[in-house]
**Q** 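Can you keep this structure in mind? I'll have questions shortly.
Values reported hereafter were calculated over all heavy atoms of this structure, with side chains retained and with hydrogens, waters and symmetry mates removed. Whatever order the structure lists them in is the order used to number ligands and atoms, beginning at 1.
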Amino acid sequence: MKHIFQKGKNPSKPTLLLLHGTGGNELDLLPLAERIDGEASVLSVRGNVLENGMPRFFRRLAEGVFDEEDLIFRTKELNEFLNEAAEKYGFDRDNIIAVGYSNGANIAASLMFHYQDALKGAILHHPMVPRRGIDLPDLSGKSVFIGAGTNDPICTPQESEELKSLFESVNAKVELHWENRGHQLTFDEVNAAAHWYRNN
Ligand code: MLT
């Protein structure tokens with residue numbers, strides 16, 4: 001997968017896995033990594049799917065309607081890429097925190113829904129429920145920050161609450177943070193995520 005790796009000053013810190021939103025690329029979220037932990041290694045990945053020229057992490061059939069088969073395939077592909085990248089760059093595979101926005105948050109949530117040890121934790125900015133009706137792995141010891149908007153038309157407040165409940169039902173520790181905004185990622189939300197990271 002097309003990506004950027006930046007080795008951090010402190011190898012005991014987690015590696016931040018950056019996952020952009022629809023139409024973004026691996027450069028977009030680099031300022032977030034700096035804000036969250038300037039000493040951590042960063043692996044920023046570009047989604048392998050194109051929708052009208054816009055990079056994404058998996059196909060969708062319509063706005064908010066996921067191509068489930070492709071989601072499963074792309075989740076596996078990303079998980080395997082993480083295994084390869086950890087070996088190639090020599091970072092701890094068991095200490096990855098994802099930082100995703102929108103479509104990137106959805107594939108991060110999907111990694112956790114499908115693979116118990118894919119991530120140590122995740123900062124999910126405006127995620128949706130990636131899949132319903134499947135058994136989730138036990139996520140004891142994993143921490144998740146969900147940044148949501150009270151007026152987000154894409155990731156509705158109900159869906160944000162549903163995602164929180166699903167994670168909690170398999171023992172993940174979840175903080176749901178609200179902004180009185182829509183789908184956009186705000187400075188305040190990034191600050192709240194950075195604060196959460198420091199306390200977890
Ligand atoms: C998705 O397709 O993952 C969601 O609709 C969010 C987005 O617009 O990327």
**Q** Looking at Asp92 and Lys13, is any side-chain nitrogen of the basic one under 4.0 Å from a carboxylate oxygen of the acidic one?
**A** no
**Q** How are the rings of Phe58 and Phe66 set to each other: parallel, tilted or perpendicular (split at 30° and 60°)?
**A** perpendicular
**Q** Non-hydrogen atoms closer than 4.0 Å to ligand 1: which protein residues do they belong to? List them by chain and number, please.
**A** Thr22, Arg56, Phe58, Arg60, Glu63, Gly64, Phe66, Ser102, Asn103, Asn106, Met128, Ile154
**Q** Can we say Glu84 and Lys88 salt-bridge, meaning some charged N sits less than 4.0 Å from an Asp/Glu carboxylate O?
**A** no
**Q** Between Thr186 and Asp188, does any side-chain donor sit less than 3.5 Å from a side-chain acceptor?
**A** no
**Q** Please evaluate residues Arg74 and Glu77 with respect to the criterion salt bridge (Lys or Arg N to Asp or Glu O under 4.0 Å), reporting the C-alpha separation (whole Å), side-chain torsions for both, the decisive distance (0.1 Å), and the verdict.
**A** CA-CA 5 Å; Arg74 298 291 168 190; Glu77 180 181 55; 3.0 Å; yes
**Q** What is the ring orientation for Tyr89 with His3, classed by angle as parallel under 30°, tilted 30 to 60°, or perpendicular over 60°?
**A** perpendicular
